[in-house]
Amino acid sequence: MLYLSTRGHPDRKHFCDILLEGLAPDGGLYLPEHYPQIDGPALARLRTAYHEQGYAELAFQILSLYIDDIPPADLRALCAKTYTAEVFGTGEIVPLRHLEEGLWLEALSNGPTLAFKDMAMQLLGNLFEYELKRRGEQLNILGATSGDTGSAAEYAMRGKEGVRVFMTSPHGRMSAFQQAQMFSLQDENIHNIAIEGVFDDCQDIVKAVSNDLEFKRKYKIGTVNSINWARLLAQVVYYFAGYIQATEPKAPTLGTGVSSLPPEGVQTALGRPGGGLSSAQKVSFTVPSGNFGNVCAGHVARMMGLPIEQLVVATNENDVLDEFFRTGVYRVRGSADTHETSSPSMDISKASNFERFVFDLLGRDGARTQALFGAALSKDGRFDLSQDPAFPEAAARYGFVSGKSVHADRLATIRDTFQRFGVTIDTHTADGVKVARAHRQEAVPMIVLETALPIKFAETIIEALGQAPERPAKFAGIEDLPKRVQVMPADVAQVKAYIQRHCD
Ligand SMILES: *Cc1c(COP(=O)(O)O)cnc(C)c1O
């Protein structure tokens with residue numbers, strides 16, 4: 001399997017080369033040359049693998065369709081080391097919870113930092129360690145976080161050989177719980193840098209350091225942001241796991257697994273998006289979305305033939321994506337137009353993974369993708385596909401629909417879900433449940449991805465319910481642990497000096 005850039009660059013690369021890289025040389029994002037197709041018998045085999053051998057084996061089988069430069073035995077071991085009940089809390093790793101008739105929550109937030117980013121980041125940590133060791137190289141990850149990404153990266157990379165993390169965050173602006181999660185880590189390879197400024201200042205510093213190519217090369221600076229293909233690929237797996245759990249047969253099949261094969265005559269249509277298995281059971285997914293990373297993995301699963309009816313994109317007040325799917329206009333927001341909301345991990349001004357979908361939507365035309373994301377966006381901050389014949393295909397052929405949820409919806413949904421089902425959901429998941437209800441279809445199970453646990457956003461839960469959410473036992477009293485953090489002004493030179501001191 002080779003990977004190409006969405007902007008038409010002629011180079012083709014193997015998985016491990018793009019693993020440690022960010023953007024393609026032309027500024028595009030990496031995608032596989034084609035999507036491997038899962039037909040009826042192959043899906044039945046994946047079902048058996050999940051039921052009989054577990055999530056790690058399912059992950060291995062899907063990943064091995066995309067990774068041909070890690071020996072299978074090694075890749076299987078990496079998956080087995082990553083997806084354990086100890087790390088993710090249950091043997092199912094991503095259990096489904098029934099909420100109401102036809103509606104399920106898929107739990108993606110039982111990893112070390114209680115948000116879905118652990119699902120991919122934990123694997124990335126192990127892949128990085130493996131590949132760096134193989135190459136005899138070091139990597140210094142420099143990032144900016146407003147909360148979830150930074151902690152997921154730190155918990156994935158802590159104690160890993162060959163990797164250091166330098167994570168900037170806006171001083172005093174993360175929740176007490178988020179600060180405690182990150183700053184209580186005592187691992188020597190993890191460095192917390194609290195910047196006296198806002199999140200944008202942190203991002204600007206990361207950009208400035210990365211743009212100093214000599215510094216970047218000398219200190220082996222890398223990133224783990226959401227455009228990394230390996231993160232996206234890891235996320236594809238839980239769409240399969242959600243599908244398998246929501247459809248029949250649910251129990252492990254006894255004996256040879258033959259009974260889990262679909263009836264004869266099930267059709268397979270290769271290369272057709274939206275589940276080639278015309279007579280197969282279908283499900284829909286609703287995904288709380290910001291940078292379009294999570295739901296883009298759903299798009300990849302659907303392109304592989306997983307029988308997904310709809311991919312419902314749920315946004316908060318920062319509705320860049322909802323606007324596109326409703327109108328065909330993609331409009332990047334300025335900072336004055338980017339709202340601070342009670343589902344803060346979706347507070348984005350642009351959706352950094354969206355280019356991948358548009359590339360597919362435009363028939364994989366790299367020149368047009370370049371014209372839209374390179375030229376038009378930097379010049380006008382927007383592009384308009386409303387009159388393009390491809391635009392209606394986003395829904396008709398690719399299954400995308402969307403909706404928006406605001407603070408009042410979030411509170412009402414959290415309250416309603418608690419009162420009717422005794423289940424407390426976090427603010428991002430609440431955006432998902434709200435939007436999912438508007439898109440329910442008869443006889444198609446709707447799976448809402450639970451992207452965080454409520455304890456991470458306790459303030460809003462208290463506002464909605466008048467009581468604090470339950471705190472998992474392992475997080476009791478973390479706010480009182482000693483903190484390891486360096487406070488610094490928003491000054492590129494000082495951040496560079498700090499990195500230098502801790503690398504030499
Ligand atoms: C990151 C995050 C999201 C948004 O995911 P994208 O991949 O950026 O669309 C939603 N909810 C939570 C809790 C997150 O941490």
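Computed from a prediction, not measured in an experiment: that's the story for all the values here. In this chain, residues are counted from 1 in sequence order. Just so you know, ligand 1 is whichever comes first in the structure, and atom 1 is the first atom listed for that ligand.
Residue pairs meeting the salt bridge (Lys or Arg N to Asp or Glu O under 4.0 Å) criterion with at least one partner in residues 417-427, sequence neighbours excluded, are E100-R420, D416-R420. Listed by first and then second residue, the side chain to side chain donor-acceptor pair (under 3.5 Å) pairs that reach into residues 224-233 are Y3-W229, S226-N353, sequence neighbours excluded. For residues 306-319, the set of pairs meeting the salt bridge (Lys or Arg N to Asp or Glu O under 4.0 Å) definition, not counting sequence neighbours, comprises K282-E309, E317-R410, D319-R333, D319-K404.
Looking at every heavy atom in both residues, H191 comes nearest to R164 through NE2-CD, 4.4 Å.
When T341, N318, D431, L321 are each tested for a side-chain contact (heavy atoms from CB on, under 4.5 Å) with M346, only one passes: D431.
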Check ligand 1 against the protein and report each N/O to N/O distance under 3.5 Å, formatted as atom name, atom name, distance.
residue  : atom   : partner : partner atom : Å
ligand 1 : 7 (O)  : G293    : N            : 3.2
ligand 1 : 7 (O)  : N294    : N            : 2.8
ligand 1 : 8 (O)  : N291    : N            : 2.8
ligand 1 : 9 (O)  : G290    : N            : 2.8
ligand 1 : 9 (O)  : N291    : N            : 3.3
ligand 1 : 9 (O)  : F292    : N            : 3.2
ligand 1 : 11 (N) : T451    : OG1          : 2.9
ligand 1 : 15 (O) : K117    : NZ           : 2.5
ligand 1 : 15 (O) : D148    : OD2          : 2.6

For this session: Starting from the C-alpha separation in whole Å, work towards a yes-or-no answer on side chain to side chain contact (heavy atoms under 4.5 Å, CB included) for Q235 and V287.
Result: CA-CA 12 Å; Q235 294 170 175; V287 188; over 6 Å; no
